[in-house]
Structure formats: structure tokens, C-alpha cells
*Asks:* 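Below you will find the structure I want to go over with you.
Just so we're on the same page: letters track the sequence lines, and every chain starts at 1. Just so you know, these numbers come straight off a predicted model, no measurement behind them. Any value given below was found using the heavy atoms of this structure, including those in side chains, with hydrogens, waters and symmetry copies removed.
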Protein chains: 2
Amino acid sequence: MSKHIVVFQPDGACVEVDSGTTILEAASAAGVSIDSACGGQGTCGKCKVLLALGRPGGSPGDRLSREEIEQGFLLACQATVEDDLVVEIPLESQRGEFQILMGQGQLDDDMIQAGIPLAERIGLELEAPQPGGRGGDDERLLSALRRLRADSFQDFAIDLGALRALPQTARDQDWKLDLLLADVDGRATVFGVEPAGSAESYGLAVDVGTTTVVVHLIDLHTAGFLDACASLNDQAAYGADVISRIIYTQEHKQGLAELREAVLNTINRCLAEVAGNHGIRAEQIIAAACVGNTVMTHLLLGIDPAAIRRDPYVPAVRSLPTLRAGEIGLAINPAAPVYLASCVSSYVGGDITAGVLATGMAESPRLTLFIDLGTNGEMVIGHEDWLMCCSCSAGPAFEGSGLEYGMYATIGAMERVAYHPDADEVEYTTIGDGKPRGICGSGLVDVLATLLRAGVIDRAGRINLGLPTPRVRVRNERPEFVLLWGEEVGRADDISLGEDEIQNLMRSKSAVFAGAEVLLDSLGLNALNVERILVAGAFGNYLDAENALLIGLLPDVPLERIRFVGNSAVAGARLALLGQEARQRVAELSRRMTNFELSVLPGYMDRYVAGLFLPHTDLSLFPSVAKKLELKP
Amino acid sequence: MSKHIVVFQPDGACVEVDSGTTILEAASAAGVSIDSACGGQGTCGKCKVLLALGRPGGSPGDRLSREEIEQGFLLACQATVEDDLVVEIPLESQRGEFQILMGQGQLDDDMIQAGIPLAERIGLELEAPQPGGRGGDDERLLSALRRLRADSFQDFAIDLGALRALPQTARDQDWKLDLLLADVDGRATVFGVEPAGSAESYGLAVDVGTTTVVVHLIDLHTAGFLDACASLNDQAAYGADVISRIIYTQEHKQGLAELREAVLNTINRCLAEVAGNHGIRAEQIIAAACVGNTVMTHLLLGIDPAAIRRDPYVPAVRSLPTLRAGEIGLAINPAAPVYLASCVSSYVGGDITAGVLATGMAESPRLTLFIDLGTNGEMVIGHEDWLMCCSCSAGPAFEGSGLEYGMYATIGAMERVAYHPDADEVEYTTIGDGKPRGICGSGLVDVLATLLRAGVIDRAGRINLGLPTPRVRVRNERPEFVLLWGEEVGRADDISLGEDEIQNLMRSKSAVFAGAEVLLDSLGLNALNVERILVAGAFGNYLDAENALLIGLLPDVPLERIRFVGNSAVAGARLALLGQEARQRVAELSRRMTNFELSVLPGYMDRYVAGLFLPHTDLSLFPSVAKKLELKP
């Protein structure tokens, strides 16, 4: 039997297999995950790949259109290896190690469907009580429930509230009920008894960010995404970063209570908005999975975070039991279970454990660097065998915070921006094609890169005021560049970016880059050892990898190794909302990840200062960028 | 080796053993339980027995006083069988199948000490966080707790409230803490974090009776009884029996809430009194074990009991999860666990399962009839292999309710009463030797018996108005007998019992006796098959078995087979408060006991009517009483 080599792109993984092996089997042997819902039957069409080189055997599969077949697509489970092949795996066919698509947390359907959700609404018909029977309604409910869920749970309980509702509801409804069932740390707990079929059920995936709170509304019945709302965290009024918030709690008697209320108000406002959009009542929201950094987790629960900034810098709490909405203050069904993702350390929180879960990097053989840029920049490096993480203070600039025209990535945010100096025109797109209201993170990366390329700013981020364009101007003693003339879109003011704001963004990107550099160094690695860089955060729906490299935000690796994974935290929250396995894996990740304190690693500050250039003071770290900008390394 | 017979009194159990066997071993072989804390080492002195006949070997043991030895006492573990013996086991040396002493629920110390209490306050020193450590305070707490309680629990959790208290308290106290730890359905749950050694901890054993609520205050540290309070259940204003209470909940919109509040107020008033007596704050009471009949259990929790009186007469709830004081409304530490004993059926409740536990009859080989006479009369018959139970409506007369001078068994209640017609004197003792305030259950039994013996009342309970004593009189058109002249004790009024009240008591006793009769009949048994009758209830500290037989309250068995066990319900509640095994056994009992509906058994009403005589219409059922009263059967 002859052997052939198969190369999988874009990752370049290679494997030698016997002829006759399916491409799906070859991928598996190469450690490359391809989606396949039907288990290789050729019926689901999910394992679609693109043939780049070579002549496969088998058939392309019935599920493809003629057009797809002409373009070279085939089903990996149907096509066989009869030749050396190069196969490209489209994004939508990848799975496992890369769960997230961009945007609003669309996740692999199989992964979601398989799980035991944090809460569910299930229909159940109780046996009617028999003459001579003595069993309580509670027991008949539990025995019916056990029959239904014996494969998921061993331990069952009924809340007092549900017990109170049970006798009347059961008799009114002729023993046909809907139960609200929660997974409370492995115990199946009935927390509601309602008439059968009376209403749908919904859950929330919540990313509790220092600067921005993001709430996703999920239909628990279909596991589908319904709506999202993002809002500035009301806590921002108490300090921009977690340290100033901690200080506030220490210096004000009611500080902890105030901050708790602020973030609760923010979440409750967001959830009221998404619920209102869909005509959903608060009681119909029966579960919430929240992820946040360690300080946000403490503040949301009213747990004193003071120890986090006191030697030896440990959190009060790393892992939380399943709580109830009522005891926290979430304005949903008060008995609804609330999950909080476990943290790794004082500065690597549940948003990161959940994010790592969502990327699948912890199950991948490939060395991956995961960077989540929010108000803090957290980094995780590793693969299936080990994971290291650290955190650096990036500040909220790339979330749009602290910039006059910065904004969170939502409707009307300029998300792609390019300046064409010859025509003196700025080309842009906005999220939702709305009227431009400001610039979000991805747009800010683009702006820095395009202004650097056009020579509007120099490598130190200073605006060249001598340029012959009215876009370069001084307003209120501040040099700035006008991205959009207000009159073009009927705005009273122009949308601009000031030199001080550019400096602010450069400090952010340098903090992140220096963190990655020091982390790699301490492991004896360099950027080129990294097989994949996954970038998460509040940039928006998109991040231009070339521009991110150009400004020195990310280590200089071949572009195809960089992938933007959107808000991985909220995606992880959604997975935790929908699956027991995901919740268990987050808990494992919090124990498994090794934490580095950047502050104790040598050279961080030096490297941070050296990074306050575009792309960097040391061009030898950015050879491809130097080449592109025709700079001498 | 020669053989000898040993007879154990008062039960008459016999066994043949080899000479040289200890009396303790012989007792074990005879199925008789003798207390022995030291395991037969001769050091604890608990296995003290009285030699009635025969000549034992071995030594009487070092732990006995010369006086005790002269009286014939010896330690069963030290004395050996060298002769045929008759040995009497004093009440205090019995154990296992007979846990309760009279009065305020004194229980076998070993049984109490062995258990895992519902809640406890335990001292714990946490590891201080280490430089470079990242583990949360929560994890260091849990790992210290696991080391301490690994043999009791597999599953550990911390409540949100405790997590909130943890970081500050731990640092203020240099990591030395007291934890409040609850057994929440098998999961060890930290519900409080306090400075080490700051306060004691207490628990409540609560008997939620239809007519009377009894609250015992228990020191959880020593497992010792501290105080008790009994109060008329405020629900009595809504109807004397459970049926009228259920009807109230159905006919009034807020009825269920009102009744819940009434019983809560009663319990809270009682616990405030006992706590106040000992200078204990509500927060220091960290656990409560409540037992009540099925309707009381529903009403206390605000669960609709309507189904109980609707065909097919099933309860909404038979078994309850461990709840928290706050969610129920008990005015103790709001996070404190509250245990509720599981019920058997709509009319045999948690007071009975707990009571059976406390009597130990479920582990005894001896056929036992257990009668708990409260507002309902419940009966359980059986032994270690089977248990049957039923309930009859006795009414609260023997609790003193509905009688002008009836009262609950508390200070000042006339508990023993005897009328001497020759001197026209009534001899009595009161509980606590207090000034007489009324008559409690045991006194009422005595009164009926002594008046019958003296010919003051006839067998139909009618007062003989022709007697030449001023104690017999008509007041407000009611024939009555004066038990106590007010002037004798400085009262404005006399304490008397009216003919109508005597009829009321006779209805109660007849309901109980008819129940026992029908239950025995349906099992093909007669009274003499019953090896032991245990009588529980609100009679007081004492019940005169002979008088109870005389009035026909109990089946006519040899007197020594009858034992009064006091308030077995509250004793069972105390066991459940103090031991996990007790809680598990109550749950098992609720499933194990077979429920008879008296209403479906033939002849109950006929027998009830036949029982409205003293002792009974059918004297063949009471041969010993007939002989004593010189009546012709």
C-alpha cells in the first residue's frame, strides 16, 4: 500500500498516510480538527475543505453544489488520499481548537448541543396520585425527573419555592408541568414549577469587563444567540482600572457596596434592554453565566478585593459555587442559577479561563499564544500539555475608553479605517453600516497603521503638522488628525484622533507586546516558535492582523498565524451557560494554568519603554514590518 | 462448661449462656441493650445493673459505691454468670431501643456524641498566603477543612455570605477562624466565618404541634439540653385541628400566609424566650431541627396542604431538602440550616418518624406499639423487620386544650392527682412544685381514674351529683368536680373538671384505643402479642400506666410492658439536630413505614363508640381493669 503526504493549510500541519485514507482521517492523524457533525457519513456537509494541490480519490460528496465542486471544495470524509495533497480548511470547517467565529459569539453547534445547560426548562408529566398512595407530589416529581435525567445527574433536589408552587400548579395543569431545572454544582435542582408550555426560557452570557460590560441573550431552547448589549461599566466613575477601584473600596466605608451596585446596575440595564427588545420578562431568564477578571468577580459579589493589591497578592476567592440571581442582585428569575467562571490568580480571571476554553487551545497540540486585550491585557501561552499566563496593565484605550471619539464596538463604530493621502480621503466602514459615531478598537489599530504608513505620524506617534491637509490641525492646543468631517454625515463636530490619544494607544500596545516578549523569553521561546496567535478583546468584529503587526501590538509572525477571535470571554461564558463539561473544564483550567507575575520577571519595564515606538525601538524584533515600511532594522 | 439461664427485667428476656460469660455479653445474646460507653472495660460505670436473684461471679466493678454494692448493684461488664440469675436493668442503663428518658429529652450520650451535627462551629487555622502563591483564601479554607472533615464529607462548599466575611476576618484574626459548618444534604457547607473563639453555638429542636409548639435549646458544643419553652400554637385561633386549618387556607385568600405566620410567630417567640433566658443572641443559634405532623410541616413552609384532604389524600411534600432559616422565616442565624423530618403520609408526619427514631423501636427485635397522643393520636406497631402506622383524630383534650383548667405540662401544672373520698381530699403534685395553675395530661388521666375508682363518676363519665361532698357541684348549669379549692392556694377561683370535659377526654381516649384495636386486629394480633407499649405525647413528665389502663386509654397488657417516653418528637428532633445518621434514619423510616388509613379499616367507628365508656363497653377487652374495679366482664 502506497503512502502519501497531506499538508493542511492554513496551519501547515503534515501527515503521511496510507492511500485510501479519507482526508478526514488524515486530518485527525495530523492533529487537525475538522468539523463533522454526522461522524463521517457524508450527510452533514460540515467537513467541507478546499483542495489546493493534488488529485484526491473518492467522491467530493453529495452535499456540495456544482459551483463548490468546480471551485475545488470536497467533503473531507468522502474524499480519499491517493496522491500527495495540500488541503485548505475554511474557517467554518475548523473546530475544537478554535471554537469562536467572530462577532457575536457564534459557537460550534455540536459543542453546545451536547451539554447539560446551567438551567433548562423541561416538560414533565407526573403520575397522578393513586388511591391508597401516600407518596408526596415531591416524590412523584423527583421520580419522573430521575427517569428523564438519570444519565446526567445522580443527585436531585427541589427548592422551597418550587415545592410551594408544586401542589396547586400540578393539579391545575392535570400533572403536566414545566420544571425549571438547574445544575447546582452537580446536583439537579428544581427551582421552578410552571404550567407546561407557558413560556420560553432564556439565559445570559455576561462578560463583566473593567470598562465594558457585555450581555448576550441566549435562547436556552435552541442554544441560539438572540441579542447583545454592551455598556460602559458604571464603575468607571470610580476609577479607570481595577487598582483604583480596589483603592476606592478601601478608602470609602460603603465603597464595596457602591461598586457592587454600580456593576449590578450596568448588567441589569443591559439585560433589561436585550430582554425588552424581545418582549421577554425577567422571570423567563432562568440562568446567567458571568465571567470577569478577578477584581470584577469580587466586586460583583461584594467580596472584599483588598488582598489582591497587598503582598502576597492573592485573591479572596478563586472559584465560586453556583449562586442564585436573588442573592447576587441580578434582575432575572431570582431563583435562577448564576455561574461565575473560576479565576487563575489575582490578575488572571474568569474571563481568561472562559476565553481559553472558547479558543480550544487547551486541547490543541499546537503552541498557541492567546492575547485578550481589554482594560488589562492578559496572555496565555501553551498547548494541551501546559499553559502559562500573565497579565499587564494595558488600559482601556483600545476599548475606546478615554478617547474623545473612542467607543465600544457597537452600531455606528468606525471599525475599518484607511487614509489615502493622495486623495486626502479616509475610507471607512461602520458596524451595522450605521452613521459614524466614533471609532472602536479595530478602527483605532487601523488608524495608527494607516497614519504611520502615510507619514502623518512618525514612529514616535507625533503628528506631522507640516502636511498639506486640513485634516492635520491643532485644536484646543492639541495636535490632531481629522478622520471624518462632520458635515459629510451631518454631524455638528468632526471625528478626530489627538496626538495624546495616539500616545495613549501606544502605551497600551507596548504594555501588551512587552508582556508577550517577556513571557516568551522566560520560557526560552521566540515569536517564531509560536504556531498561532489568537487575539481576543473588545476590538469589534474584526481586527486587521497586518495593521496590528505594523503598530507593534503583536509579535512579528507570519500573518496567517494570527487570528482574531472576538470577545472570547463572552463566548466562553456562553459555553459555560450551555454545557456542564464546559463548566468543569473552566474549573480545571483555573487550576491548571501556571501564573507568571510580570512584575517579578526581569526587563518588563525596559521593554515596555522600548515599545513606545511604532512598531518598536528595536526593529530587529519586527523584520517584516521594517521591510514593509522600508525601514532599516 | 456448665450453662445457666439469665433473665433480664423489666422485660423478661431470657438467655442460656456458658458459665463465665459476662452479664453484658449475656444481655447482648438476649437481645437486651445495656449502655456501655467504655466497651466493657469496667471504667465508665454505665452498665450498672441490679441483681435480683442468683449469685454472680467476677467482681461488681470498681466504679460502684459501697452503698450501691450493698444494694445489689454490679457492673454488667465485670460480673459473670456462674449461676441462674435474674438481673434488673435500671432505666438509666438501658439504651438503643429506648433512647428517651422522661422530661426534657435527655438522650443517650453516646448516640449524640457519635454524630455529625446539622451545624457546628469549628475552629480552623488557615495557611497564610505564600509569596508567589496564587490560591484564593477560599481554597486554603477548603483544604484546611477537608483535612479536618474528610472522614465525614466528600463534598465541600462555601456560601456567598461566608465568602464575603472571609478575607477581612481571616486577616484581622491572623488566619485563625471559627467556621459555621452545615451538613446540607450531605454537602459540608460553610455558612459563616467568624473570629476564633468569639462565641458559643446553639441549636434548636422544635416540635411543631397542632396545639402546642415545643422548642428545646441545645448547646451544640456539649450536645447538652439547656432550656425548653412550650407555647400554644398561635394557629389554634384558626381551628383546633389540622382539617379546620386546611379549610381556613382554602377559604381565605391569605389563609396559607396567615397560618404560616402564626406558627412562625409561635416558634420565634419560644426561641426568643429560651435564648433570652441564657443571654444568647439569635445569630448564635446556628441550626434547627423541626418535626411536625404533615399538615404542620406544610403550613410552616407555606406549602399548600389542600391535597391532604382531597381524594386520594396525598401530601404535597413528604421529604424536604435542608433549608435555611432565612428562607423559612425562623428568627435565628439566617444562613443556619433547618432540617425538617420527613413524613410518612398525609396523617403520619415527621413528628412520628422522629419519635420512632428516638424510641429505637425500629432497631428492636421486640414487637412494640408506639402511641403518640397529641392533637392527633398516631400509632406505630412493629419491630426491626416491619413497621405499620396509622393516625386517628384524638383532639387536643389531653394536651389540656379546650378544658377550662387544662394546661400544657409546664410549671404549675397538676401532674399527679389522687382523690381520697374518705378524707374528701385531693392529693396532687405540680410540675416544678409551683403553685397550681391547672391540670396537664398526666393529671387528667389520674383524675379520670381516681374519680372512677371513688365512684364520683360512673363508667359513662357522668358525675354522681348525689355524693355528700361540696367538690361535686353544678356551676353554670354544668356538673363539675372541684379538684382544688382556690382558697387553699390563694387563688380567686377553684380548679375543677366539668362533666362535658370528662366526655371530651373520653372521646380522645376512645379514638386512640379504637385505633390501636383496629390496627392490631388488621394484623391478626391481640394486645397480649405486644411486648411493649411506648406512650409518647404531651402528658408531661410522667404518666401513670395503671391509670391509663383503668380509663381504657391503652390496651390491657401487663403494666410492666407500658412505658411513658415523654415528648418523643422533640427528642427525635434533637437526635436529628445532633447526628447525620439520625437524619438519614428518619428519611429511611419515612419510606419504610407502611401506612394504614383507619377510615378504610373495618369497624373503627363502631369500636370508637364502644370505647366511650370507662374503661370500655366491652369489659372482656380489659380483664385486669374489670378485676381491679370488681366489675363483671
*Asks:* Taking donor and acceptor roles from the modelled atom types, list the N and O pairs under 3.5 Å across chain B and chain A.
*Replies:*
| unit_1 | atom_1 | unit_2 | atom_2 | d |
| --- | --- | --- | --- | --- |
| B:R134 | NH1 | A:M593 | O | 2.2 |
| B:R134 | NH2 | A:R591 | O | 2.9 |
| B:R134 | NH2 | A:M593 | O | 3.0 |
| B:D137 | N | A:P315 | O | 3.1 |
| B:D137 | N | A:A316 | O | 2.9 |
| B:D138 | N | A:A316 | O | 3.0 |
| B:D138 | OD1 | A:R318 | N | 3.1 |
| B:D138 | OD2 | A:R318 | N | 3.2 |
| B:D138 | OD2 | A:S319 | N | 3.0 |
| B:D138 | OD2 | A:S319 | OG | 3.4 |
| B:E139 | OE1 | A:R318 | NE | 2.5 |
| B:E139 | OE1 | A:R318 | NH2 | 3.4 |
| B:E139 | OE2 | A:R318 | NE | 3.1 |
| B:E139 | OE2 | A:R318 | NH2 | 2.5 |
| B:R164 | NE | A:L301 | O | 2.6 |
| B:R164 | NH2 | A:L301 | O | 2.9 |
| B:D185 | O | A:R187 | NH2 | 2.9 |
| B:R187 | NH2 | A:D185 | O | 3.0 |
| B:L301 | O | A:R164 | NE | 2.6 |
| B:L301 | O | A:R164 | NH2 | 2.9 |
| B:P315 | O | A:D137 | N | 3.2 |
| B:A316 | O | A:D137 | N | 2.9 |
| B:A316 | O | A:D138 | N | 3.0 |
| B:R318 | N | A:D138 | OD1 | 3.1 |
| B:R318 | N | A:D138 | OD2 | 3.2 |
| B:R318 | NE | A:E139 | OE1 | 2.5 |
| B:R318 | NE | A:E139 | OE2 | 3.1 |
| B:R318 | NH2 | A:E139 | OE1 | 3.4 |
| B:R318 | NH2 | A:E139 | OE2 | 2.6 |
| B:S319 | N | A:D138 | OD2 | 3.0 |
| B:S319 | OG | A:D138 | OD2 | 3.4 |
| B:R591 | O | A:R134 | NH2 | 2.9 |
| B:M593 | O | A:R134 | NH1 | 2.2 |
| B:M593 | O | A:R134 | NH2 | 3.0 |

*Asks:* Specify which of B:P321, B:A157, B:G135 makes the most heavy-atom pairs with chain A at under 4.5 Å.
*Replies:* B:G135
*Asks:* Which atoms of B:L301 come close to chain A, meaning under 4.5 Å heavy atom to heavy atom: side chain ones, backbone ones, both, or neither?
*Replies:* both
*Asks:* Looking at B:L160, B:L166, B:L320, B:I308, which has the largest count of heavy-atom pairs under 4.5 Å with chain A?
*Replies:* B:L160
*Asks:* Which residue out of A:P167, A:A170, A:G161 racks up the most heavy-atom pairs below 4.5 Å with chain B?
*Replies:* A:P167
*Asks:* What residues, two or more places apart in sequence or in another chain, satisfy ring-ring contact (aromatic ring centres under 6.0 Å, His included) together with B:F596?
*Replies:* none
*Asks:* Could you note down all residue pairs passing salt bridge (Lys or Arg N to Asp or Glu O under 4.0 Å) where residues 290-300 of chain B supplies at least one of them, sequence neighbours left out?
*Replies:* none
*Asks:* How would you list, by chain and number, every residue that makes a side chain to side chain contact (heavy atoms under 4.5 Å, CB included) with A:A325, sequence neighbours excluded?
*Replies:* A:L330, A:I332, A:A336, A:V338
*Asks:* Looking only at heavy atoms and a cut-off of under 4.5 Å, which of A:V348, A:V344, A:I158, A:I328 has the most pairs with chain B?
*Replies:* A:V344
